[in-house]
Protein chains: 2
Amino acid sequence: MANQLSRLDQVFAALADPTRRAIVMRLCAGEASVGELADPFDMALPSFMKHIHVLETSGLVLSEKSGRVRTCRLSPDALVGAEDWFQQQRAIWEARLDRFEAYVMKLKKERAAAKRPSRTTRKKGAE
Amino acid sequence: MANQLSRLDQVFAALADPTRRAIVMRLCAGEASVGELADPFDMALPSFMKHIHVLETSGLVLSEKSGRVRTCRLSPDALVGAEDWFQQQRAIWEARLDRFEAYVMKLKKERAAAKRPSRTTRKKGAE
DNA sequence: CCTATAGTTAGCTTCATGGCTAACCAATTG
DNA sequence: CAATTGGTTAGCCATGAAGCTAACTATAGG
């Protein structure tokens with residue numbers, strides 16, 4: 001009975017660590033071996049490998065071993081999946097802003113109507 | 001001597017939890033009180049409040065208390081900041097793909113030239 | 001064949017996270 | 001004023017994450 005973490009959970013958790021974000025950024029520029037990836041970091045290899053593993057199980061990174069060197073590359077799918085999430089939220093958010101703006105416009109119109117009682121039918125109860 | 005977590009760290013960590021993502025999604029649709037937010041979740045209030053707090057310190061959510069009710073709303077800035085990160089990575093990734101494609105095109109051209117040795121100046125060393 | 005290289009496994013610490021209960025304010029409301 | 005409602009504080013516990021060292025495996029190179 002596994003915990004069944006959702007893919008998004010794993011992707012965001014993976015990206016919450018600066019080391020792992022740096023790895024992803026590095027891999028955006030092209031594939032690399034574990035050693036090359038680890039080089040800039042002041043960290044023991046086993047610790048570093050854990051980060052690689054987290055990235056792999058999140059689906060952000062793929063790797064395969066040939067001979068004694070493991071080569072890693074980015075799998076853009078997971079990255080795009082996460083980006084989509086933001087865009088969906090933004091769409092909802094902006095739809096709401098639009099509705100809000102429309103509401104403000106309606107208020108303005110009503111206030112203008114209240115200020116200038118002549119000419120148009122007077123609304124009752126308007127302050 | 002604080003750990004000085006970066007803003008991105010905190011935002012991604014906040015979004016790595018399904019409860020917190022649900023809260024953010026809910027808040028995209030408009031502000032709400034803590035009680036309203038907590039209602040759909042089968043969780044003790046103090047536990048839920050921790051999630052709210054995480055969202056607040058990540059900068060994703062703002063809240064203020066009036067009377068005895070605390071109202072929460074989304075602060076889109078942090079969300080946009082995270083989205084930007086994806087877009088930057090994608091830009092690098094796509095630039096690389098373009099370069100790769102250009103490289104393939106060049107290969108194709110060279111191979112075609114090798115296959116048809118007449119007509120144009122023959123390049124030396126082409127396989 | 002021997003040695004150095006590139007990863008890997010195992011096992012240990014430490015600290016953060018996510019959940020709980022119980023008790024505690026502080027505004028509303030009857 | 002008394003009781004309810006809405007949130008908060010304090011403190012506990014279990015789990016998982018992030019780091020380390022030490023020892024091991026398996027290729028590549030001399």
Side-chain angles (χ1 to χ4, degrees), chain A residues 1-24 26-27 30-73, chain B residues 1-24 26-27 30-73:
Chain A
M1 304 313 171
N3 208 346
Q4 188 69 350
L5 259 338
S6 98
R7 177 52 51 106
L8 263 189
D9 286 24
Q10 297 185 70
V11 169
F12 282 131
L15 294 177
D17 183 284
T19 301
R20 290 194 290 260
R21 277 203 308 282
I23 295 174
V24 168
R26 169 59 240 275
L27 288 180
E31 56 182 38
S33 73
V34 169
E36 286 167 359
L37 289 173
D39 192 52
F41 298 96
D42 185 19
M43 188 183 294
L45 242 230
S47 317
F48 187 80
M49 284 295 294
K50 279 196 188 173
H51 288 297
I52 298 281
H53 191 245
V54 169
L55 287 169
E56 266 192 283
T57 60
S58 79
L60 282 165
V61 164
L62 302 174
S63 79
E64 60 192 319
K65 196 165 178 176
S66 120
R68 65 182 167 178
V69 41
R70 173 173 299 277
T71 304
C72 304
R73 62 195 171 80
Chain B
M1 302 312 175
N3 207 345
Q4 189 69 351
L5 260 336
S6 97
R7 179 50 54 104
L8 262 191
D9 286 25
Q10 297 186 69
V11 169
F12 281 131
L15 294 178
D17 183 284
T19 301
R20 290 194 290 260
R21 277 202 310 281
I23 296 173
V24 168
R26 168 59 240 277
L27 289 180
E31 56 182 38
S33 73
V34 170
E36 284 167 359
L37 288 173
D39 192 52
F41 298 96
D42 186 18
M43 187 181 296
L45 243 230
S47 315
F48 187 80
M49 284 295 295
K50 278 195 189 173
H51 288 297
I52 298 281
H53 191 246
V54 169
L55 287 168
E56 266 193 284
T57 59
S58 78
L60 282 165
V61 163
L62 303 174
S63 79
E64 59 192 319
K65 195 163 180 177
S66 120
R68 66 183 166 178
V69 41
R70 173 172 299 277
T71 303
C72 304
R73 62 197 171 80

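So that the names make sense, note that chain A is the first sequence line, chain B the second, and so on, each numbered from 1.
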query = How long is the line joining CE of B/M43 and P of C/dC20, in whole Å?
reply = 6 Å

request  = Whole angstrom is fine here: how far is it from CZ in B/R21 over to C1' in C/dG18?
outcome  = 15 Å

inquiry  = Counting the atoms with a prime plus P, OP1 and OP2 as sugar-phosphate, which does A/S33 contact under 4.0 Å by heavy atoms, base, sugar-phosphate, or nothing?
reply    = sugar-phosphate

query = A/M49 has an atom CE; how far is it from atom P of C/dA10, in whole Å?
reply = 13 Å

inquiry  = If I take atom CZ in residue A/F48 and atom C1' in nucleotide D/dT21, what distance separates them, rounded to the nearest angstrom?
reply    = 19 Å

note = Of all heavy-atom pairs linking A/Q10 and A/S58, the shortest is O-CB, 3.7 Å

message = C/dG18, OP1 or OP2 - any side-chain N/O from B/S47 closer than 4.0 Å?
response = no

ask   = Starting at the 5' end of DNA chain D, which residue's closest nucleotide do you reach first, A/A44 or B/T71?
value = B/T71

request  = Whole angstrom is fine here: how far is it from NZ in A/K65 over to P in D/dT25?
outcome  = 13 Å

message = Checking A/E56 against A/I52 for the side chain to side chain contact (heavy atoms under 4.5 Å, CB included) test, could you report, in this order, the C-alpha distance in whole Å, the side-chain angles of both residues, the deciding distance, and whether it holds?
response = CA-CA 6 Å; A/E56 266 192 283; A/I52 298 281; 4.1 Å; yes

ask   = Closest nucleotide of DNA chain D for A/P46 versus for A/D17: which of these residues is on the 5' side?
value = A/D17

key: B/R68 (side chain) and C/dA27 (base): donor-acceptor pair under 3.5 Å   = yes

key: Atom-to-atom span, CG of B/L45 to C1' of D/dA10 - whole angstrom   = 16 Å

request  = Take the protein atom CD1 of B/I23 and the nucleotide atom P of C/dG18, then report the distance between them rounded to whole Å.
outcome  = 11 Å

inquiry  = In whole Å, I'd like the distance from the CD1 atom of B/I52 to the C1' atom of C/dG18.
reply    = 15 Å

task = Any chance you could lay out the side chain to side chain contact (heavy atoms under 4.5 Å, CB included) test for B/F12 and A/R21, step after step, and finish with the verdict?
result = CA-CA 10 Å; B/F12 281 131; A/R21 277 203 308 282; 3.9 Å; yes

request  = Kindly say if B/H51 contacts the phosphate of C/dG19, meaning a side-chain N or O under 4.0 Å from OP1 or OP2.
outcome  = yes

message = As a test of understanding, state which of B/V11, B/V61, B/L62 forms a side-chain contact (heavy atoms from CB on, under 4.5 Å) with B/L55.
response = B/V61

inquiry  = What I'd like to find out is whether the side chain of B/L27 reaches to under 4.5 Å of the side chain of B/L60, using heavy atoms alone.
reply    = no

ask   = Quick one: which of C/dA6, D/dA18, C/dT8 gets closest to the side chain of A/R20?
value = D/dA18

query = Between the base of C/dG19 and the side chain of B/K50, is there a donor-acceptor distance below 3.5 Å?
reply = yes

